[in-house]
S.K.: 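Got a structure for you, questions after.
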Amino acid sequence: MLAPTPPMGWNSWNTFGAEIHEELIRQVADVFVEAGLREAGYTYVVIDDLWESDERDDQGRLVPDPKKFPSGMKALADYVHSKGLKFGIYSCAGTHTCAGKPGSYGYEEIDAQTFAEWGVDYLKYDFCYKPAGADAVTLYRRMGQALRATGRPIVFSICEWGSNEPWKWGASVGGHLWRTTGDINDSWESIEQIGFSQNGLEAYAGPDHWNDPDMLVVGMYGKGNVARGGCTDNEYRMHFALWCLLAAPLMIGCDVRNMNAFTHQLLTHKGLIAINQDPLGRQGFRVGVHWTNYETWMKPLADGSVAVGLFNRDPQHTGLINVAWEALGIHDRRPCRVQDVITGEDYGVFTRFFSTRVPPHDVVMVKVIPLHG
Ligand code: GLA
């Protein structure tokens, strides 16, 4: 299995867009090691769109933009690998990429071969400029098979924005993850709209096949390619906790070279990452909504305990949010220990339910551990 737990890494798009070059990618790889991101589990350094030249070479091969990547992709992949990390790249199932560079349509085999020769470990595969009459399943299957034919293990990240329900066929064409929505941007509205709409897709996720509600905007603070006003720290915490509960791929989107202490702490939070990477691989789902804005979500864990997210979507008011054992499938009278995943605090042993105050646009995540007797 290439992705037994949700892939973790960094992708250039959210912050850098077109402003990518080999020095940036090397610096990101360095920071992965120096700032403890690698140790926290982040592995993939992924270059998104706009790494390509406008034309293929005379053998039909994709060519990296020589101004941005003068040493070529093989050398860059070697560098990333030398740091104990994995190297990811981007292409598109249509005739052009979303930003207008050459797409892989009709070149699937040669592109897969090129990527394998460069040492690519992860391919994000987009859906712009689809030729008339070609359907998503066929296009993604073509690349899935071409990747497999190279013999190199390459994680296949399907990016067709959920338009053709890829959760139903993504795994069968060789996909390890698939986007479920349109593009995220750095705003509360975007996080909220995407994150809370994932309920109902949980049956389609599991080891080696994940729903992908798009990359993280944690730590962007309104700067970069998809910045739309930015978010507060509370909002980023809620965003990260929700993505962890959703067993979502954790692809960092901020400039990791300039993370503040809060961003660093959140992105490397052991407890939250353990929930995301739990080996059972279940995706969290909603178990209750109170007063419109208070949501309770659960994620069953491999050790028999349950991660519970108490989310407050209200912009102004602190809410008293509760979770009843009944909603978790635990008997009313069963004593359960409740521990705060984020602060580490042990709240003690409870029966029937647990409730706590949650600030506006924030989350409390607890682990509910059923006890015997
Ligand atoms: C699409 C994808 C984004 C990004 C851009 C690049 O919009 O959904 O994640 O890859 O293309 O052009």
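For ligands, and for the atoms within them, numbers begin at 1 and follow the listed sequence.
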S.K.: Going by the atom numbers of ligand 1, which of them fall below 4.0 Å from some non-hydrogen atom of Trp161?
M.R.: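 Checking each atom against Trp161, I get 2 (C), 8 (O).
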S.K.: Strictly under 4.0 Å, does any heavy atom of Asp126 approach an atom of ligand 1?
M.R.: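 Contact present.
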S.K.: State which residue, out of Asp186, Asp233, Asp255, fulfils the side chain to side chain donor-acceptor pair (under 3.5 Å) condition with Tyr221.
M.R.: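 Per the side chain to side chain donor-acceptor pair (under 3.5 Å) rule, the option paired with Tyr221 is Asp233, out of Asp186, Asp233, Asp255.
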S.K.: Taking only heavy atoms of Lys124, which atoms of ligand 1 are found under 4.0 Å from at least one of them?
M.R.: 3 (C), 4 (C), 9 (O), 10 (O)
S.K.: Any idea which atoms of ligand 1 are less than 4.0 Å away from a heavy-atom of Arg179?
M.R.: 8 (O), 9 (O)
S.K.: For the atom pair CZ (Arg334) and CG (Asp332), what is the distance rounded to the nearest 0.5 Å?
M.R.: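 Between atom CZ of Arg334 and atom CG of Asp332 there are 12.5 Å.
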S.K.: Mark up the atoms of ligand 1 that fall under 4.0 Å of a heavy atom belonging to Cys98, in ascending order.
M.R.: 1 (C), 11 (O), 12 (O)
S.K.: Examine the side chains of Thr232 and Asn234 and answer whether a donor and an acceptor come within less than 3.5 Å of each other.
M.R.: no
S.K.: Starting from atom 12 (O) of ligand 1, which protein heavy atom do you reach first, and at what distance in Å?
M.R.: Asp49 OD2, 2.8 Å
S.K.: Taking 4.0 angstrom as the limit and counting only heavy atoms of Cys159, give me the atoms of ligand 1 inside it, by number and element.
M.R.: 2 (C), 8 (O)
S.K.: Do Leu301 and Val363 sit in one hydrophobic cluster, given that two such residues count as connected whenever their side-chain heavy atoms are within less than 4.5 Å of each other, even indirectly?
M.R.: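 Leu301 and Val363: one cluster.
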S.K.: Scan side-chain atoms only and decide if Tyr105 and Asp111 contain a donor-acceptor pair under the 3.5 Å cut-off.
M.R.: no
S.K.: Is it true that Phe127 lies under 4.0 Å from ligand 1, counting heavy atoms only?
M.R.: no
S.K.: If we count only N and O atoms by modelled type, under 3.5 Å, do the side chains of Asn211 and Gln198 hold a donor and an acceptor together?
M.R.: no
S.K.: May I ask you to list the atoms of ligand 1 that are less than 4.0 angstrom from any heavy atom of Ala99?
M.R.: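 Selected atoms, number and element: 12 (O).
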S.K.: Provide, to 0.1 Å, the distance between atom 8 (O) of ligand 1 and the closest protein heavy atom, together with that atom's residue and name.
M.R.: Asp183 OD1, 2.6 Å
S.K.: Please determine if Asp49 and Lys101 form a salt bridge, counting it only when a charged side-chain N lies under 4.0 Å from a carboxylate O.
M.R.: no
S.K.: Of the options Asp126, Thr181, Thr180, which is the one that meets Trp161 in a side chain to side chain donor-acceptor pair (under 3.5 Å)?
M.R.: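 Output: one option passes, namely Asp126.
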S.K.: Who's the nearest protein heavy-atom neighbour of atom 4 (C) of ligand 1, and how far?
M.R.: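 Result for atom 4 (C) of ligand 1: Asp48 OD1, 3.5 Å.
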